[in-house]
K.L.:
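Here you go, one structure.
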Amino acid sequence: MQTKYVVVLGSLLSGIGKGIITSSIAKLLSMYNYRAMPLKFDGYLNYDCGTMNPFRHGEVFVLDDGSEVDMDFGTYERFLNSDLNTSFSMTGGKVFSEIISRERKGDYLGNDVQIIPHVTDYIIEKIETISDKEKLDVMIIEVGGTVGDIENNYFVEAMRQLALKRKVIFVDLTYVPELEKVGEQKTKPTQMALRSMRQEGIEPDFIVCRSDKALNDKARRKIALFSNLAPERVMDDHDLGNIYWLPLHLMKQGFDKMLIKELGLEMNSLDEGKLDAWRSIVDMKSRSKKPLTISVVGKYVDLHDSYASVKEALSHAALAYDAELTINWVESETLDESSIGNGLEVLKGSDGILVPGGFGGRGIEGMIKAIEYARVNKIPYLGLCLGMQLMAIEYARNVCGIRDANSAEFADCENKIIDIMEEQKKITTKGATMRLGAWEAMLKPNTIAHSSYGAEAISERHRHRYEFNNQYREKLEGGGLIVSGTTPDGNLVEFIEWSGSFGIGTQAHPEFKSRPERPAPLFKSFIKSALNKSAGISGGKYSYTLSASA
Ligand code: GLN
């Protein structure tokens with residue numbers, strides 16, 4: 001059977017949860033055992049997300065195959081609990097670079113190359129090829145931005161044309177504001193947005209309404225009237241407090257059955273096992289009771305989206321232990337040298353401290369202070385990529401006495417504990433040139449790493465240019481640092497640990513593979529030991545005077 005398509009569009013404003021709707025639709029279909037996968041189109045002309053600023057765009061997500069993709073892919077993988085590959089990510093940059101390379105090869109000889117038909121035909125061809133190759137029953141296509149944007153209008157046009165030859169269901173995500181003073185849900189913005197969709201030749205089959213409070217009947221009927229839809233096709237998607245509820249919330253409104261019917265799929269029966277598995281995860285939230293505070297010390301903390309997967313991975317692990325998680329976001333620059341002494345007050349009361357990944361020198365000294373604080377006070381610590389590199393630097397400086405220890409990324413010092421990788425030295429271009437994607441590591445028995453994973457050979461995703469410098473391995477190990485995991489050839493250090501308390505750093509990003517149905521092992525053991533600390537089972541007093549070095 002040919003793949004059928006659901007196209008998810010935003011008509012009013014972006015950033016209101018199109019990725020969550022797309023994931024929820026895929027999840028619902030998978031609960032009926034249809035093979036359903038998402039594809040995302042982003043209109044920007046970057047080839048991929050790797051060259052974007054996480055502070056503006058949110059986290060750069062990494063797939064097993066090493067592609068650097070939009071953070072929505074994190075949501076897709078978490079909902080579906082499956083690994084996606086680069087072909088599911090389409091960007092304006094990829095589309096145009098392919099069109100131009102075809103033109104140079106002479107594929108369009110004699111023609112002037114145009115948006116219609118060349119670009120639109122290419123998009124349709126590509127989508128059909130991927131969905132055929134993946135043998136999908138349904139592909140859910142999320143269109144980044146909103147209808148009417150100049151960046152995505154050729155893609156929206158391609159979707160209109162796709163609907164002329166294949167079964168396509170359009171789902172529009174809109175926003176219904178409620179003016180506090182008037183106390184009424186306003187549908188006029190949606191009415192206007194529907195007009196602009198019609199201008200592009202698209203009539204939605206379902207409208208999903210984001211709102212603060214549940215969509216009331218009056219607003220639902222009004223939107224239905226203006227969109228030629230039955231009121232039950234106008235779905236409520238108000239703030240549920242937990243994104244993982246959404247598939248079940250849509251199901252409660254009958255969306256699953258209506259969609260399957262509308263797609264013309266044979267009606268499979270609902271897989272109760274899959275539904276129960278999901279329900280039990282969603283319900284966990286209500287069971288959470290043990291309070292737990294984790295401080296995340298980074299430099300993009302003002303935009304939590306920059307650390308979306310870290311936040312998710314923490315909450316998956318917290319849910320697994322029934323913990324009520326509070327994340328204390330700490331801007332690392334506020335902990336810089338000038339604040340030694342009282343500046344670290346903000347870390348008091350942390351049950352665990354985490355330093356996530358990052359690039360560039362800003363705020364680094366503050367992160368190192370936070371790591372020292374965790375080590376001397378025996379507060380469980382988890383370091384991710386940069387967080388591992390800084391853990392090594394802190395140890396070199398404050399335990400092994402290498403006072404100028406640093407990373408070649410930040411300083412031209414003598415003791416480069418972290419250095420540029422050999423193969424990186426010759427690279428001059430920035431796009432997709434880091435050490436990326438899934439890499440295997442071997443773990444040493446009787447270490448935190450080994451007991452966390454319960455395995456010797458593991459694989460995690462990477463995204464970095466710098467590495468632990470092997471010239472310092474002996475010295476740091478001699479000083480008590482444990483190298484608990486390396487690449488299979490033993491060459492690159494992948495995991496390090498403290499010996500006196502729970503502290504582990506990894507060169508990888510285990511947060512990318514954490515899912516509610518399968519929390520990341522390292523986050524689980526971190527949360528477990530943070531809970532132990534909070535219960536007084538381990539952990540010290542906040543009495544140690546920090547070294548004055550920075
Ligand atoms: N900036 C560091 C590197 O390139 C760490 C990267 C990261 O944390 N993802 O190696």
Side-chain angles (χ1 to χ4, degrees), residues 48-55 57-64 66-69 71 74 296-301 303 305-311 313 332-333 353-368 370-371 381-394 396 405-413 416-439 441 460-470 472 486-487 491-496 504-514 520 522-523:
D48 58 33
C49 276
T51 51
M52 290 185 188
N53 181 348
F55 197 60
H57 189 80
E59 161 186 276
V60 176
F61 194 78
V62 181
L63 302 178
D64 271 348
S67 41
E68 297 170 287
V69 291
M71 58 185 287
V296 175
V297 184
K299 66 172 179 181
Y300 312 118
V301 293
L303 182 72
D305 269 1
S306 314
Y307 299 119
S309 294
V310 172
K311 199 170 128 195
S332 58
E333 257 182 320
I353 294 179
L354 184 153
V355 174
F359 294 83
R362 184 169 69 77
I364 289 298
E365 292 304 325
M367 296 178 209
I368 293 175
I371 297 169
Y381 172 73
L382 177 60
L384 307 171
C385 203
L386 176 70
M388 178 209 107
Q389 298 176 352
L390 299 181
M391 180 179 173
I393 292 169
E394 189 279 326
N406 216 323
S407 162
E409 185 180 1
F410 320 123
D412 189 17
C413 57
K416 296 185 180 73
I417 305 296
I418 305 297
D419 205 355
I420 186 104
M421 283 184 264
E422 206 43 51
E423 59 273 29
Q424 286 284 335
K425 288 186 180 155
K426 337 178 244 303
I427 296 174
T428 51
T429 54
K430 293 286 184 221
T433 55
M434 286 188 242
R435 182 172 178 231
L436 288 166
W439 289 85
E460 291 286 9
R461 295 177 185 173
H462 289 243
R463 182 172 188 258
H464 57 109
R465 273 183 220 286
Y466 296 82
E467 283 286 349
F468 186 98
N469 183 346
N470 281 330
Y472 293 89
T486 62
T487 43
N491 236 342
L492 302 177
V493 171
E494 300 280 48
F495 291 82
I496 57 174
I504 181 159
T506 170
Q507 194 53 82
H509 286 280
E511 68 273 24
F512 290 145
K513 291 212 319 188
S514 182
L522 223 48
F523 279 79

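Whatever order the structure lists ligands and atoms in, that order sets their numbers, starting from 1. The first residue in the sequence is number 1, and the count goes up from there.
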K.L.:
Tell me: protein heavy atom nearest atom 4 (O) of ligand 1, and distance?
P.N.:
R465 N, 2.9 Å
K.L.:
Record the part of E409 in heavy-atom contact with ligand 1 below 4.0 Å; permitted values are side chain, backbone, both and neither.
P.N.:
side chain
K.L.:
Quick check: G358 and ligand 1, any N/O pair under 3.5 Å apart?
P.N.:
yes
K.L.:
Please name the pair of heavy atoms, one in I368 and one in E394, separated by the smallest distance, quoted to 0.1 Å.
P.N.:
O-CG, 3.7 Å
K.L.:
Can you sort out which atoms of ligand 1 are near G357, meaning under 4.0 Å from one of its heavy atoms?
P.N.:
8 (O)
K.L.:
Under 3.5 Å between some N or O of ligand 1 and some N or O of G360?
P.N.:
no
K.L.:
Give me the nearest non-hydrogen protein atom to atom 10 (O) of ligand 1 as residue plus atom name, then the distance to 0.1 Å.
P.N.:
Y466 N, 2.8 Å
K.L.:
Considering non-hydrogen atoms only, spot the tightest contact between V62 and R461 and give its length.
P.N.:
O-NH1, 2.9 Å
K.L.:
So is M434 close enough to ligand 1, meaning a heavy atom under 4.0 angstrom away?
P.N.:
no
K.L.:
Using 0.5 Å steps for rounding, measure from the CD1 atom of I393 to the CZ atom of F468.
P.N.:
10.0 Å
K.L.:
Between the side chains of T506 and E460, is a donor N or O closer than 3.5 angstrom to an acceptor N or O?
P.N.:
no
K.L.:
Just checking, any donor-acceptor pair under 3.5 angstrom between side chains of S332 and R362?
P.N.:
no
K.L.:
Do the side chains of T486 and N491 get nearer than 4.5 Å, heavy atoms only?
P.N.:
no
K.L.:
In the protein, which heavy atom is nearest to atom 7 (C) of ligand 1, and how far is it?
P.N.:
C385 SG, 3.0 Å
K.L.:
R435 vs E494, test: salt bridge (charged side-chain N to carboxylate O under 4.0 Å, His left out). Steps then yes/no.
P.N.:
CA-CA 12 Å; R435 182 172 178 231; E494 300 280 48; 2.9 Å; yes
K.L.:
Over 60° means perpendicular and under 30° means parallel, so tell me whether Y307 and Y300 are parallel, tilted or perpendicular.
P.N.:
tilted
K.L.:
Less than 4.0 Å is my threshold; does some heavy atom of H509 fall inside it relative to ligand 1?
P.N.:
yes
K.L.:
Please report which non-hydrogen protein atom sits nearest to atom 9 (N) of ligand 1, along with the residue it belongs to and the distance in Å to one decimal place.
P.N.:
R463 O, 2.8 Å
K.L.:
Looking at H464, which atoms of ligand 1 are within less than 4.0 Å of one of its heavy atoms?
P.N.:
3 (C), 4 (O), 6 (C), 10 (O)
